[in-house]
Amino acid sequence: MDQVFKSALPILQKLKEAGFESYFVGGAVRDLLLDKPISDVDIATSASPEIVTKLFENVVPIGIEHGTVLVLLEDNKYEVTTFRMEGKYEDYRHPSSVLFVQDISKDLARRDFTINAMAMDENSKIIDPFNGQGDLQKGVIKTVGNPIERFEEDPLRMMRAVRFVSQLGFSLDEEAAKAILKLKPLLNNIAVERITMEFGKLLIQSNVKKGIELFGTLGLNQELPLFQDDEQILQTLKRKGTYPFKAGVTEFIAFIGYEIPNVTPNLWMKKWKLSKEAKQMAQNQINRLKLYDSGQPIELCIYELNPQEVEIFGNLLSRIKSSPQMEKVKVAYQNLPIKSRKELSINGNDLLSLFPTQSPGPWIEQLLKKIESQIVLGKVPNQKSEIKDWIRKWKLHESS
C-alpha cells in the first residue's frame with residue numbers, strides 16, 4: 001500500500017473498530033491502479049457525520065449537510081463522507097436531497113465516471129461494481145450508468161470528461177461522446193467560474209493536445225464565452241497547443257492575446273470572470289513578448305519578473321517560436337545582475353543629491369529606468385560609485 005494511504009489508514013481502522021465500514025475512494029484509488037502520484041486521499045464510510053465527529057479529536061464540518069467532514073490527522077487533512085444517495089439535480093450542480101445509506105455500491109453509483117467509482121479497503125481489496133478497472137485497462141472514459149443522466153445532473157461533467165482525456169491520454173466512450181454532442185448547450189447553465197476552473201485543469205495536463213482535439217470535435221467551444229464568437233481561438237489553440245500550459249488559464253489567455261490581438265486579457269476577464277491579477281499577469285506577458293519581438297535583449301524582457309513568471313514567459317516563447325526556449329530564458333534570468341529595482345544600489349534621493357539644482361519630477365523615474373537597463377545589460381556594475389560615474393558621463397554626453 002502506498003505511503004499516502006498508510007498515513008490515512010488509522011482513520012479506516014478506527015471507524016472499523018467502532019463497527020462501521022470505511023474505504024478509500026475516488027481519484028486516489030484510480031491513480032494507485034495507474035501507478036501515478038497520489039495527492040489527496042478521500043474516505044467514505046457508513047458512519048454518519050455526527051459519529052465521525054465524535055470518533056475523532058480534530059474535525060472540521062466543511063459540508064456536514066452533504067455528509068462530509070474534514071478529519072485532521074497529524075499534518076494531513078482527509079475528507080470523510082458518509083455513504084449517500086442523491087435526489088434529482090435541480091440546479092445542474094447540487095442534488096435536491098441527500099440520503100445517507102449503508103451500502104458502498106450505492107454510494108459509488110452516484111459518481112461521474114467508472115474510473116472514479118472504485119473503493120479500496122484497509123487490506124487493499126478493490127470494490128469495483130462498475131468495472132472501472134476494466135476501463136482503466138482499455139483506456140476509456142465512461143460514465144457510471146446512463147451518460148445522459150450523468151451529464152444532465154451536472155453538465156460540467158462534460159468538461160471533466162475531456163479533462164480526463166487530457167490528463168490520462170484515454171479515449172472517450174462512444175455513448176458518452178454522443179451524449180455530450182446532444183447535451184452540450186446545458187453548459188450555458190453552468191457558472192463560468194466553474195468552467196474556467198475545469199478548462200484550466202484541462203490545459204495543464206500532459207496529453208493536452210488530445211484533450212484540445214476532443215474539445216473541438218465535440219463542439220464544446222461553441223458553448224463557451226469568446227470561443228463561440230471567434231473560431232480562430234480554437235484553431236490557434238489546436239495549432240500550437242501541443243504541450244501543457246503549465247500556468248493554466250493565465251498562460252493560455254496571454255498566448256491567445258499575443259496571437260490574436262483583438263482577443264485581449266481584459267475581454268477574458270469580463271467574459272470568464274477572471275481576477276484582475278490574472279488579467280494583469282497575462283497582459284504583462286504579452287507586453288514582454290512584444291518587447292522581445294521588437295529586438296530588445298531578452299534580459300530586459302524578463303527583468304522584474306518573479307521565477308514563476310519567468311517560467312511562463314519561457315513556455316510562451318517556446319510555443320510561439322515552435323522551439324525550446326526555456327533553457328535560454330532561465331540562463332538569462334540566473335545571470336541578471338539585478339532582478340528588480342529593490343536591488344538597485346541607487347535611488348531617487350541619490351539622484352536629487354547629484355543634481356541639487358533640479359526639482360523633483362518625471363526625470364528621476366526616466367533616469368532610474370536608464371540606469372536599470374545599463375545594469376541589467378551588464379554595462380554598468382551595480383555599485384553606487386560606478387553608477388554615479390556613469391551618470392556624470394551620460395550627463396556630459398547629453399549636454400554636448
Side-chain angles (χ1 to χ4, degrees), residues 1-89 93-136 143-145 149-150 153-154:
M1 184 179 285
D2 189 280
Q3 183 57 46
V4 180
F5 290 102
K6 287 180 181 177
S7 299
L9 205 52
I11 297 177
L12 265 64
Q13 291 168 338
K14 192 164 190 176
L15 286 164
K16 187 174 181 180
E17 287 167 7
F20 300 98
E21 288 185 49
S22 61
Y23 302 91
F24 298 116
V25 292
V29 178
R30 176 198 70 225
D31 290 340
L32 175 72
L33 294 172
L34 288 171
D35 197 26
K36 289 183 175 290
I38 299 158
S39 51
D40 297 330
V41 170
D42 293 334
I43 295 167
T45 179
S46 60
S48 69
E50 291 76 18
I51 290 173
V52 175
T53 301
K54 288 178 182 177
L55 283 174
F56 297 94
E57 290 182 12
N58 298 315
V59 177
V60 181
I62 58 170
I64 203 161
E65 69 278 8
H66 295 111
T68 301
V69 296
L70 196 67
V71 175
L72 310 180
L73 185 66
E74 295 180 351
D75 295 327
N76 300 308
K77 302 174 183 179
Y78 302 99
E79 285 191 12
V80 179
T81 303
T82 305
F83 300 159
R84 70 193 197 205
M85 293 175 63
E86 296 172 341
K88 185 178 179 182
Y89 283 63
R93 183 179 183 183
H94 301 107
S96 57
S97 62
V98 172
L99 175 67
F100 297 143
V101 296
Q102 297 295 302
D103 186 348
I104 182 62
S105 295
K106 289 180 179 178
D107 181 83
L108 296 175
R110 70 180 175 82
R111 297 173 186 265
D112 52 7
F113 305 109
T114 60
I115 62 172
N116 297 332
M118 295 180 284
M120 183 174 74
D121 69 11
E122 73 277 9
N123 298 313
S124 299
K125 179 185 175 183
I126 302 295
I127 292 84
D128 182 15
F130 303 101
N131 194 32
Q133 292 175 95
D135 289 335
L136 283 180
T143 61
V144 173
E149 292 178 7
R150 292 292 82 78
E153 288 170 348
D154 184 353

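The two residues P129 and L108 come nearest to each other via the heavy atoms CD-CD1, 3.6 Å. The minimum heavy-atom distance between P61 and V69, with the atom names listed, is CA-CG1, 4.2 Å. Nearest heavy atoms, D40 versus A28: O-CB, 3.5 Å. Scanning both residues, E21 and Q102, for their nearest heavy atoms gives OE2-O, 3.8 Å. G67 approaches P49 most closely through the heavy-atom pair CA-CG, 3.9 Å. When all heavy atoms of A109 and V144 are compared, the pair lying nearest together is O-CG1, 3.5 Å.
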### Task
Go through D42 and E79 one step at a time and tell me if the side chain to side chain contact (heavy atoms under 4.5 Å, CB included) criterion holds.
CA-CA 5 Å; D42 293 334; E79 285 191 12; 3.7 Å; yes
### Task
Given side chain to side chain contact (heavy atoms under 4.5 Å, CB included), test F24 with I43 step by step and report yes or no.
CA-CA 5 Å; F24 298 116; I43 295 167; 4.0 Å; yes
### Task
Kindly indicate, with the supporting measurements, whether the criterion side-chain hydrogen bond (donor to acceptor under 3.5 Å, both in side chains) is fulfilled by S7 and N76.
CA-CA 8 Å; S7 299; N76 300 308; 4.5 Å; no
### Query
Could you go step by step and tell me if I51 and L15 meet the side chain to side chain contact (heavy atoms under 4.5 Å, CB included) rule?
CA-CA 9 Å; I51 290 173; L15 286 164; 5.7 Å; no
### Task
Check the pair V41 / Y78 against side chain to side chain contact (heavy atoms under 4.5 Å, CB included), numbers first and verdict last.
CA-CA 6 Å; V41 170; Y78 302 99; 4.2 Å; yes
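A salt bridge is defined here as a Lys NZ or Arg NE, NH1 or NH2 lying under 4.0 Å from an Asp or Glu carboxylate O, and E17 with K14 fails to meet this definition.
For the atom pair M118 CE and Y23 OH, the distance stands at 15.0 Å (nearest 0.5 Å). Within the model, atoms CG of D135 and CZ of F130 stand 12.0 Å from one another, a figure rounded to the nearest 0.5 Å. Interatomic distance, OG1 of T81 versus CD1 of I64, reported as 11.0 Å (0.5 Å rounding). To the nearest 0.5 angstrom, T53 atom OG1 is 11.0 Å from L70 atom CG. Atom OG1 in T82 sits 7.5 Å away from atom CD in E50 (nearest 0.5 Å). To the nearest 0.5 angstrom, M120 atom CE is 8.0 Å from L33 atom CG.
Between V29 and the options D128, I127, I126, L34, a side chain to side chain contact (heavy atoms under 4.5 Å, CB included) holds for only I126. Each of V52, I11, T45 was compared with S22 under the side chain to side chain contact (heavy atoms under 4.5 Å, CB included) criterion, and only T45 meets it.
Listed for the N123 side chain is no donor-acceptor partner under 3.5 Å among the backbone atoms of K125.
Using a 4.5 Å cut-off on side-chain heavy atoms (C-beta onward), V60 and K77 make no contact.
Other residues, nucleotides and ligands contribute over 12 non-hydrogen atoms within 6.0 Å of the CD atom of E65.
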